[in-house]
Amino acid sequence: MEQYQEKIMTDTPQSPALWKYLVVLLVSAGATAGIAYLLFNIYQRKEEGKQHFFKLVELDEDTIDPALWGKNFPRQYDGYKKTTELYQPKVGGSEVIDRLEADPNLKKLFAGYAFSIDFRKARGHAYMLEDQENTERVKQKKQPGACLHCHASVMPTYRQQGDGDEMKGFLKVCGMDWQEAHTLVNHPISCIDCHEPKTAGLRVSRPAFKKSIVQLAEAKEAVPFLPSIEKWRQGDRSKPYDVNALATRQEMRTFVCAQCHVEYYFAPKTKELIYPWAKGLNVDRIEEYYDEIKFTDWTHSESGANLLKAQHPEFEMWSQGIHARSGVSCADCHMPYQREGAVKISDHHVRSPLRNLSRACQTCHRSDEVEIQERVRIIQDRTKSLLKKGETAVVDLIASIQRTKKRNGAEERIKKAQEFQRKAQFRIDYIISENSLGFHAPQESARILGDAIDYARQGQMILRKEDEEEAED
């Protein structure tokens, strides 16, 4: 019996072989579960990626409160709210910076105009209406309702004032006094101004841009950086260029910004807001347009010159730079894409790319952050140096005109000198008011400032001849 039991124990499989089988079984089961979980996670992420927004509230053309949009688009709204953050990097920022205090030449350049009273650096989008309410330019000088076109969420007001006709309402509000028009609005620029409420698709809403982009399309100046316009020019031109129907998505990522970040003027009688693009976007073409219609913003109180006040021509300057030629939009740098989970969105914390180098710059430029910052610093420091030389040249010209005006018989030369001041100061102001300090188009900025210095010194040379002739007599 004992021998039989010993034989059975000898013939039974050993436990190490059984454990190997169990380990293989467990590993296989774990791998299968892991793969299943991974596939399920991928599926969830794909579905999450399709979920661009959460439809919690109904949005329509009258929904101007960004907080309501934020219920459906919480990620984007979180970014928008960050435009209230107070910070002051070297360039840009959201603190109130008095440019007149920082640059005393500006009071001399803008003598007799509202900008000699109050001129501050631009802040974030959330401050657009508040800053206009608080500027002394509005408090001390009469301003038209046209100013609200880019500082308030004003489209419902246009429709209401125009009995459903946006253009009619736009013209009516432009002609109002600012204080009267201000009672009709209560929100700064909001989501509705750039997005269609049903689909959230990008769209241009501003009447002034819609009208002016048609004039640009019909102008002779080539715009290869705007392919939809070039395509329209080569096709059926029986219908005007329609920006919302024809522009590419990449163009729209610039156009929604260019609705407001542009050079403009108010028609003298109606105060209609107009962008001077009928001859092109180049600063020289814009000046030609102003000269042709004999437009003047104000008469300088010290020199008597009829001058132009540049506004904020970021779109026009961008159009002359390498980024425009490379197909880079405003949003690519100021609202770069970011991922939150599986969702890809544009960062609605609109700000200087210097505050967001990894996503704003390094997706294209492989240099490290220190090198990128140094490149920007060099461009802006050189632009600032030229700008100071230009300001000094114009201030010197103003002083020369003042001295010469005390004499009799120098009217013709004074008139020519005043014309040179108009040309020089517009170019100086163009760079001052364009908020990149040369970065959007470095070579174009240098060219403009070089011309400005030349024009100012030519004006002085005309008056110096008067001094020399008087000395000879």
Side-chain angles (χ1 to χ4, degrees), residues 48-49 51-54 59 63-97 120-132 150-153 187-197 200-203 205 249-250 252-261 312 314-315 318 323 328-365 369 372-373 376 380 435-437 439-440:
E48 182 184 344
Q51 187 71 22
H52 297 295
F53 60 92
F54 312 94
L59 303 174
T63 309
I64 61 175
D65 186 350
L68 293 177
W69 283 73
K71 294 181 182 296
N72 290 0
F73 303 93
R75 301 178 180 92
Q76 291 85 345
Y77 182 55
D78 285 345
Y80 172 83
K81 289 190 294 184
K82 290 179 181 178
T83 63
T84 63
E85 290 182 358
L86 296 177
Y87 61 87
Q88 184 53 42
K90 182 177 180 182
V91 179
S94 292
E95 293 182 9
V96 177
I97 302 298
R120 309 179 193 185
K121 278 186 176 291
R123 297 199 291 171
H125 283 175
Y127 290 106
M128 295 179 73
L129 186 56
E130 176 185 330
D131 283 355
Q132 190 171 75
C150 290
H151 285 263
S153 196
H187 276 286
I189 293 296
S190 179
C191 317
I192 190 69
D193 297 296
C194 300
H195 294 279
E196 196 279 326
L202 292 175
R203 56 93 178 269
S205 62
R249 175 171 173 75
Q250 186 67 354
M252 290 299 286
R253 283 168 58 80
T254 285
F255 287 158
V256 292
C257 304
Q259 294 183 96
C260 294
H261 289 267
H312 27 65
E314 285 87 29
F315 173 63
W318 164 87
H323 288 94
V328 179
S329 72
C330 302
D332 287 327
C333 301
H334 295 277
M335 301 175 65
Y337 285 119
Q338 64 181 27
R339 282 202 175 273
E340 294 194 7
V343 179
K344 178 183 177 183
I345 65 171
S346 287
D347 185 354
H348 280 60
H349 183 187
V350 186
R351 53 187 158 159
S352 166
L354 292 177
R355 299 283 298 178
N356 193 14
L357 285 172
S358 62
R359 285 189 285 108
C361 303
Q362 289 181 317
T363 53
C364 296
H365 300 282
E369 290 193 4
I372 291 173
Q373 288 175 332
V376 176
Q380 293 182 328
N435 287 294
S436 76
L437 197 55
F439 181 77
H440 284 151

With rounding to the nearest 0.5 Å, note down the distance linking [atom1] in [X] to [atom2] in [Y].
X	Y	atom1	atom2	answer
Met252	Cys330	CE	SG	12.0 Å
Asp193	Gln259	CG	CD	7.5 Å
His334	Ser352	NE2	OG	7.0 Å

May I ask you to decide whether Asp131 forms a salt bridge with Arg120, counting only side-chain N to carboxylate O separations under 4.0 Å? no

salt_bridge(Arg75, Asp78) N-O dist < 4.0 Å: no

Sequence neighbours excluded, which residues qualify as side-chain contact (heavy atoms from CB on, under 4.5 Å) partners of [X]?
X	value
Pro66	Tyr77, Tyr80, His187, Ser190, Cys191
His348	Gln76, His195, Met335, Ser346
Cys260	Cys150
Ile372	Leu357, Cys361, Gln362, His365, Ser367

For residues [X] and [Y], report the shortest heavy-atom separation together with the two atoms involved.
X	Y	result
Tyr127	Thr83	CE1-O, 3.7 Å
Trp69	Pro197	CH2-CA, 3.5 Å
Ser436	Gln380	O-NE2, 3.0 Å
Leu59	Phe73	CD1-CE1, 3.9 Å

Does [X] reach the side chain of [Y], with side-chain heavy atoms less than 4.5 Å apart?
X	Y	answer
Ile192	Ser205	no
Pro336	Asn356	yes
Arg203	Cys194	no
Ile345	Gln338	yes

Residues forming a salt bridge (charged side-chain N to carboxylate O under 4.0 Å, His left out) with [X], sequence neighbours excluded:
X	answer
Asp332	Arg253
Glu130	Arg123
Asp65	none

Do side-chain atoms of Trp318 reach the backbone of Val328 as a donor and acceptor pair under 3.5 angstrom? yes

Taking Glu314 for the side chain and Asn435 for the main chain, is one N or O donor matched with an acceptor at less than 3.5 Å? yes

My understanding is that only residues two or more places apart in sequence, or in another chain, count here; which of them pass ring-ring contact (aromatic ring centres under 6.0 Å, His included) with [X]?
X	answer
Phe255	Phe209
His312	Tyr264
His151	none

Could you pull out all residues at least two apart from Glu369 that satisfy side chain to side chain donor-acceptor pair (under 3.5 Å)? none

Can you sort out the partners of Thr254 under side chain to side chain donor-acceptor pair (under 3.5 Å), two or more places apart, ordered by chain and number? none

